[in-house]
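Just so you know, ligand 1 is whichever comes first in the structure, and atom 1 is the first atom listed for that ligand.
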Amino acid sequence: MSFPDPRHPARLRRSVLCVPADNERALGKIASLVCDGVIYDLEDAVLTDRKAEAREMLVAHLEKSRPAGVEIVIRINSLKTPFGEEDLLDAIRLQPDAILLPKVESPADIQLAADLLAENDAPDSLRLWAMIETPRGVLNAAAIAETGRTSGGRLDCFVPGLNDLRKETNVPALPGRPYLVSWLMQILLSARSCGLDIIDSVYNDFRDADGLDAECRQGRDMGFDGKMLIHPAQIEIANRAFGVTSEAAAEAAAIIDAFARPENAGKGVINLDGRMVERLHLDQALKTAAKADAMQNKDNPA
Ligand code: COA
Ligand code: MG
């Protein structure tokens, strides 16, 4: 996909913090945190007998305080459970940026949610995110991603869920995720084939800053846009790993400057200090520069 993408130019998704909707103290902390997104969770983090209470707490919380400058996402229970539809209807009323669907396994799961959103007059700006966290979900990732291209499909972003996937497959949690990388890359390729964003899975050991840093860097090098987080202490590490370094920003500026020079007008490829630089690198450089600007606005507001 060429840049800028008119749907969400340079949207930052470096750090997306999950907060259980029935944890009053954690909910109260959100406004003071500098993450790019918040996922209010009604699913895995909430016990079955607290589902209704969690939903009520979330409605009360978001009606009185919405974090500013943060992407707001609500993770509902699967529409195959008794809780999913009511979650979805309340979520529509709360007007988040996106609804995160858990355990998505087929295009029909996305279509069902999209149909319910349309029937209930949800605005087009309300997007869908999909957790890919079951063996069938991984195998069908490409077909699921295709729904992002259909009109009314609303799909914007994938989030692999490794805790569920490990449980379903018996693959253990090992440093470097050696046996999971191929599945992650398959999910990532599926997302990119349809222009979707993709957020890396959570790192459970929230006191292990070095381990998280290593996994964030791995995720960045694999091509993820950011990381789903479970604890405030993880935000700064993810923002750093998935941010634009000053070196990368300077290099992007040099490429943009070079193509703007009159002698390079109309050229598809140029020599920049002994390196071949093509127009596709200019697209990448514009994207990096826009992300650096967005970071500047977010992290150092005027
Ligand atoms: N969002 C916002 N605040 C959070 C938070 C989160 N995800 N996790 C912890 N905090 C807050 C705590 O409330 C605490 O503040 P307090 O002292 O004012 O209560 C502070 O950060 C320090 O927390 P700490 O004592 O280190 O951890 P904890 O025992 O309170 O919580 C977890 C640990 C794992 C239970 C908690 O981080 C959590 O529930 N994370 C999200 C889990 C989740 O959403 N899972 C589903 C997706 S994988
Ligand atoms: Mg899960």
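- The contact set between ligand 1 and Arg25, taken as ligand atoms under 4.0 Å from a residue heavy atom, comprises 16 (P), 17 (O), 18 (O), 19 (O).
- Residue contacts with ligand 1, taken as heavy atom pairs separated by less than 4.0 Å, involve Arg207 solely via side-chain atoms from C-beta onward.
- Put simply, part of Leu17 is less than 4.0 Å from ligand 1, judged by heavy atoms.
- Judged by the shortest distance from any of its heavy atoms, Arg75 lies inside the 4.0 Å radius around the atoms of ligand 1.
- Taking the side chain as every heavy atom from C-beta outward, Lys80 and Lys103 never approach each other to under 4.5 Å.
- Of the heavy atoms in Asp44, none comes closer than 4.0 Å to ligand 1.
- For the Mg ion (ligand 2), the nearest N, O or S atom contributed by Asp44 is named OD2.
- Closest protein heavy atom to atom 38 (C) of ligand 1: Ile230 O, 3.8 Å.
- The presence of a protein heavy atom under 4.0 Å from atom 35 (C) of ligand 1 is ruled out.
- The Asp41 neighbourhood of ligand 1 comprises atoms 46 (C), with distances under 4.0 Å to a heavy atom of that residue.
- Protein heavy atom at the shortest distance from atom 21 (O) of ligand 1 is Pro232 CG, 3.8 Å.
- Below 30°, between 30° and 60°, or above 60°: for His231 and Phe206 the angle between ring planes is below 30°, a parallel geometry.
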Practice task
List the steps and the verdict of salt bridge (charged side-chain N to carboxylate O under 4.0 Å, His left out) for Arg279 and Asp283.
Solution key: CA-CA 7 Å; Arg279 292 263 160 194; Asp283 288 348; over 6 Å; no
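- The presence of a protein heavy atom under 4.0 Å from atom 27 (O) of ligand 1 is confirmed.
- Taking the side chain as every heavy atom from C-beta outward, Asp97 and Arg127 never approach each other to under 4.5 Å.
- Given atom 32 (C) of ligand 1, the protein heavy atom at minimum distance is Phe206 CE2, 4.4 Å.
- Around CD of Glu278, the count of heavy atoms belonging to other residues, nucleotides or ligands within 6.0 Å exceeds 12.
- The closest heavy-atom contact to atom 24 (P) of ligand 1, among the options Met131, Glu43, His231, comes from His231.
- Summarising the local packing, CG of Asp49 is surrounded by more than 12 heavy atoms from other residues, nucleotides or ligands at distances under 6.0 Å.
- Inside a 4.0 Å radius of atom 9 (C) of ligand 1 there is at least one protein heavy atom.
- The closest approach between Asn23 and ligand 1 stays at or above 4.0 Å for every heavy atom of the residue.
- A donor-acceptor contact shorter than 3.5 Å links the side chain of Asp36 to the backbone of Arg14.
- In this structure, the protein non-hydrogen atom closest to atom 43 (C) of ligand 1 is Ala45 CB, 3.8 Å.
- For atom 40 (N) of ligand 1, a protein non-hydrogen atom is found at a distance below 4.0 Å.
- Nearest N, O or S atom of Glu133 to the Mg ion (ligand 2): atom OE1.
- Considering only non-hydrogen protein atoms, atom 2 (C) of ligand 1 sits nearest to Ala26 O, 3.4 Å.
- The CG atom of Leu184 sits 8.0 Å away from atom CG of Leu165, with the distance rounded to the nearest 0.5 Å.
- Residues Thr169 and Tyr179 fail the side-chain proximity criterion, which asks for heavy atoms closer than 4.5 Å.
- Residue-level check: among N/O/S atoms of Asp164, OD2 sits closest to the Mg ion (ligand 2).
- In this structure, Asn264 contributes its side chain and Ala258 its backbone to a donor-acceptor pair below 3.5 Å.
- Less than 4.0 angstrom separates some heavy atom of Pro20 from each of these atoms of ligand 1: 39 (O), 41 (C), 44 (O).
- The backbone N or O of Ala249 lies less than 3.5 Å from no partner atom in the side chain of Thr288, so there is not a single donor-acceptor pair.
- With a 4.5 Å cut-off on side-chain heavy atoms, Val159 and Val16 do not count as touching.
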Problem - Check against side chain to side chain donor-acceptor pair (under 3.5 Å), Asn204 and Asn163 - result: CA-CA 9 Å; Asn204 296 329; Asn163 284 326; 2.9 Å; yes
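- Expressed to the nearest 0.5 Å, how far OG1 of Thr48 lies from CZ of Phe83 amounts to 5.5 Å.
- Inclusion of Asn163 in the set of residues having an N or O under 3.5 Å from an N or O of ligand 1 is not warranted.
- Closer than 4.0 Å to atom 45 (N) of ligand 1 lies at least one heavy atom of the protein.
- Here the protein heavy atom with the shortest distance to atom 14 (C) of ligand 1 is Lys29 NZ, 4.2 Å.
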